[in-house]
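In what follows, every chain begins at residue 1, and chains take the letters A, B, ... in the order their sequences are listed.
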Amino acid sequence: MKPIVRFAPSPTGELHIGGARVALFNYLFAKKYSGEFLVRIEDTDLQRSKNKYRDQICDSLKWLGLKWNRDSFIQSKNISRHRSTIDQLLLSGKAYKCFATKEELDLIRKKTNSYAYPGTWRNRSQKDILKQENKSKPYSIRLKTPEKGETSFLDKVYGRISVKNAEIDDFILARSDANKSPVYNLVVTVDDHDMNITHVIRGEDHISNTIKQILLFQSLGWSIPQYVHLPMILGSNGERLSKRHGATGVQSYQKMGYQPEGLLNYLAFLGWNPGTNEEIMKLDRLIETFDLDQIQKKSAIFDEKKLNWISGQHLSTQSAKQIFDDIKGIDTKWGSSYHDKYILSVIDLLKSRMNSIVQLIDNSSYFFEDLATYDKNIINDIWKKDTSSVLESYMKVIVKIDEWNSYDLEDHTKNFMKQYDIGFGKLMKPIRFILCGVLNGPPLFEIMELLGKDIFIKRVENALEVI
RNA sequence: GGCUCGUUCGUCUAGUGGUUAGGACUCCAGGUUUUCAUCCUGGCAACAGGAGUUCGAUUCUCCUACGGGCUACCA
């Protein structure tokens, strides 16, 4: 049987890193077994749900490359089906109307210091209920959960999880508002059933909801899907990942210059591993090697350092063309007045030592514009008494080169240094500095080749004048 | 408080009833390099604690500690 899985975010905020990982695991599992990966927008909390967020989440999913099958499913559109299911439960006596107000219950909770619903309306007579209804009192609808025995399920990651039924509250199925709006657990159960979901892959924070949903499946006589709960992602201090830990949204990572390939790779390895030492994987390879059995039970701490490393590994093996496309996604102006061929060469020169495309952009300025100023501290450091005169003699030699390529440049430079008995650092450092403004970067002769003879002369002459 | 889940280097993890407990990131030290943020080599660094089972436990069991999640008319 082909698996059908779903990623079910609520549109109350942008897609965050934890959600992206849940989506990824769903996607990997579906693709691995040629199943379907569906997206369901859980917007039953109308107060907090926003179309803006729905669109943002879908955009982020697309950006990550996690394409879903069919149209995304909007939960609120299925409301009549949710209602009729509740009616069915009411009719069969498996659910009941509860006239206790929230305030009332809060009071009782405070008094008894117990969080449990006291069951006030669980076994009321038909007469009592009718009396309230005739007075048009608002009521919510609760599931009549069993009092004895226990409910359990076999989680693919956590194993058997069981809870005594006595511990499970008669939870609410529908709110007491005018619409009798259905609540999460009911809605999820109905939709998972209607969508023929075979495997529910979601965060570990849903384990206790799972028990409630199973009770619902049982009350409705529906078959229960397989459950796969994923460990949480924690912030650096071991607490749940939140804004306090810095960026949590997928969009922020996009803006920071991370690419889907590296981000996905890192996220996959948070709580999972292929059982080998292989660490750098593209999406296809992740699908190939993915296995539910290798999922960790322990929650994992998000580590930006490792993300940087993985991201850098991907960046250095990607084609300049692909990197350029990704850069266009965040900065349309970058390199825009230059030929593509030149830009691609710039990327090829820089990519192996960068961790993100933003970093690449930030370190590329000297390929596109001359230096406006020279850092005094560096000058003091590297500019010796005879530096200017050495440079002048070097210029005379180097401008005569016909073939302006890194091999010939290196050749001639080495000869020059030998001839005048000059050390590498004494010449190369100043050249790098006046060309780039910094003392590190790609091999100098390759920079010189790419920049071209004219720019080289211009920058050296300018520097000799100014410094 | 109740329920539930978890605990191997700082972090992500591999692993077994007998191992020098392996790898990766970070950090540190060398090397390469005109330079470095690339690359190479090396180093630091862990089985939460206690009891039990056992010839032997990091591995199995129990307890404790610590941590996470849930405990809504949120999802």
Side-chain angles (χ1 to χ4, degrees), chain A residues 8-12 42-45 47-49 75 98 100-102 105-106 109 113-117 138-142 155 157-159 161-164 166-169 171-177 180-185 187-188 202-212 229 231-232 234 236 238-240 266 269-273 275-280 294 296-310 312-313 316 350-355 359 363 382 410 413-414 417 423-433 436 438-445:
Chain A
S10 58
T12 54
E42 307 217 318
D43 57 348
T44 49
D45 184 347
Q47 308 288 320
R48 297 195 302 145
S49 296
Q75 196 156 52
C98 168
T101 64
K102 193 162 192 293
L105 292 173
D106 284 344
R109 279 188 192 119
N113 204 17
S114 159
Y115 297 85
Y117 172 68
Y139 61 88
S140 60
I141 298 166
R142 289 178 185 270
D155 190 88
V157 172
Y158 286 93
I161 289 175
S162 33
V163 177
K164 289 193 182 67
E167 304 284 348
I168 306 167
D169 255 12
F171 58 94
I172 292 202
L173 267 22
R175 297 181 181 89
S176 58
D177 58 23
K180 291 276 164 293
S181 60
V183 174
Y184 176 73
N185 280 307
V187 172
V188 167
R202 64 191 358 171
E204 180 233 31
D205 49 338
H206 283 291
I207 284 185
S208 34
N209 283 325
T210 303
I211 292 288
K212 293 179 182 173
H229 285 95
M232 306 261 84
L234 271 25
S236 45
E239 282 172 17
R240 196 176 188 158
Y266 177 68
F269 273 70
L270 225 44
W272 174 83
N273 72 83
T276 63
N277 281 344
E278 198 178 350
E279 274 197 297
I280 303 302
Q294 291 281 342
Q296 208 75 213
K297 292 187 182 75
K298 189 178 70 160
S299 44
I301 292 173
F302 188 84
D303 180 15
E304 202 163 307
K305 292 235 175 79
K306 185 129 191 185
L307 168 63
N308 280 334
W309 179 76
I310 287 181
Q313 293 294 307
S316 56
L350 289 170
K351 66 179 188 181
S352 73
R353 54 194 71 220
M354 298 297 155
N355 287 331
Q359 202 185 5
N363 286 281
I382 62 165
E410 184 167 357
T413 305
K414 279 182 175 163
M417 288 188 293
F424 276 92
K426 205 161 182 182
L427 178 63
M428 308 301 286
K429 269 190 184 170
I431 294 179
R432 179 184 287 280
F433 173 63
C436 308
V438 290
L439 292 179
N440 54 42
L444 184 56
F445 297 113

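- Across all strands, Pro231(A) comes closer than 4.0 Å to no nucleic acid atom at all (heavy-atom distances).
- Following rounding to the nearest Å, Asn440(A) (CG) and rU38(B) (C1') show an atom-to-atom distance of 11 Å.
- Straight-line distance from the CH2 atom of Trp309(A) to the P atom of rG10(B): 20 Å, rounded to whole Å.
- Ser162(A) comes within 4.0 angstrom of the backbone, heavy atoms only, and of no base.
- Looking only at side-chain heavy atoms (C-beta outward), Phe424(A) and Lys414(A) come within less than 4.5 Å of each other.
- Annotation: rC28(B) and rG10(B) have their C1' atoms spaced 14 Å apart (nearest Å).
- In a base pair of the Watson-Crick type (N1 to N3 plus N6-O4 or O6-N4) or a G-U wobble (N1-O2 and O6-N3), with each distance short of 3.5 Å, rG1(B) is matched with rU71(B).
- Using Watson-Crick or G-U wobble geometry with both donor-acceptor distances under 3.5 Å, rG6(B) finds its partner in rC66(B).
- Asn308(A) comes within 4.0 angstrom of nothing in the nucleic acid, heavy atoms only.
- No hydrogens or angles considered: nothing links the side chains of Ser299(A) and Arg240(A) as a donor-acceptor pair under 3.5 Å.
- Taking only side-chain nitrogens and oxygens, Asn277(A) never comes nearer than 4.0 Å to OP1 or OP2 of rG22(B).
- Glu279(A) has its side chain out of reach of Ile310(A): every pair of non-hydrogen atoms, C-beta onward, lies at least 4.5 Å apart.
- Nearest heavy atoms, Tyr158(A) versus Ile207(A): CD1-CD1, 4.1 Å.
- Across all strands shown, rG31(B) is found opposite rC39(B) as a Watson-Crick or G-U wobble partner, with both distances under 3.5 Å.
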Nucleotides 58-75 of chain B: protein proximity per nucleotide (B base, S sugar-phosphate only, - neither; heavy atom, under 4.0 Å): ----------BSSSSBBB

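- Rounded to an integer number of Å, the gap from CD1 of Ile431(A) to P of rU34(B) is 13 Å.
- Among the heavy atoms of the strands, none lies under 4.0 Å from Gly275(A).
- The phosphate of rA14(B) (OP1 or OP2) has a side-chain N or O of Gln296(A) nearer than 4.0 angstrom.
- Here Ile301(A) lies in heavy-atom contact (under 4.0 Å) with sugar-phosphate atoms only.
- With rounding to whole Å, Met428(A) atom CE is found 13 Å from rU33(B) atom P.
- Spacing of C1' atoms, rC47(B) relative to rU13(B), comes out at 13 Å, to the nearest Å.
- Per the geometry, CD belonging to Glu278(A) stands 16 Å off C1' belonging to rC12(B), to the nearest Å.
- Taking the P atom of each, rC3(B) and rU54(B) are spaced 32 Å apart, rounded to whole Å.
- Ranked by how close their nearest RNA chain B nucleotide is to the 5' end, Ser114(A) and Lys298(A) are led by Ser114(A).
- Distance check: Thr413(A) OG1 to Phe445(A) CZ gives 4.0 Å after rounding to the nearest 0.5 Å.
- Counting heavy atoms from C-beta outward, Asn273(A) and Gln294(A) have side chains that approach closer than 4.5 Å.
- In the displayed structure, Gln47(A) atom CD is contacted under 6.0 Å by at most 12 heavy atoms of other residues, nucleotides or ligands.
- Spacing between rA75(B) and rU59(B) at atom P, rounded to whole Å, works out to 43 Å.
- Between Trp309(A) and Asn355(A), every side-chain heavy-atom pair lies at or beyond the 4.5 Å cut-off.
- rA24(B) and rC44(B) are spaced 15 Å apart, taking the C1' atom of each and rounding to whole Å.
- Taking a pair to require two hydrogen-bonding distances under 3.5 Å in either a Watson-Crick or a G-U wobble arrangement, rC47(B) remains unpaired.
- When the C1' atom is compared between rG43(B) and rG2(B), the two are found 49 Å apart, to the nearest whole Å.
- Spacing between rG23(B) and rG6(B) at atom C1', rounded to whole Å, works out to 23 Å.
- Counting only heavy atoms from C-beta on, Tyr158(A) has its side chain closest to rG6(B) among rG6(B), rU34(B), rU26(B).
- One can place CZ of Phe269(A) at 11 Å from P of rA14(B), the figure rounded to the nearest angstrom.
- For NZ of Lys180(A), the number of neighbouring non-hydrogen atoms (other residues, nucleotides, ligands) closer than 6.0 Å is greater than 12.
- Whole-Å rounding puts the Glu279(A) CD to rG22(B) C1' distance at 13 Å.
- Comparing Gln313(A) and Pro442(A), the nucleotide of RNA chain B nearest to each residue sits closer to the 5' end for Pro442(A).
- Rounding to whole angstrom units, NZ of residue Lys306(A) and C1' of rC9(B) are separated by 13 Å.
- Distance noted for atom C1' between rA21(B) and rA14(B): 10 Å (whole Å).
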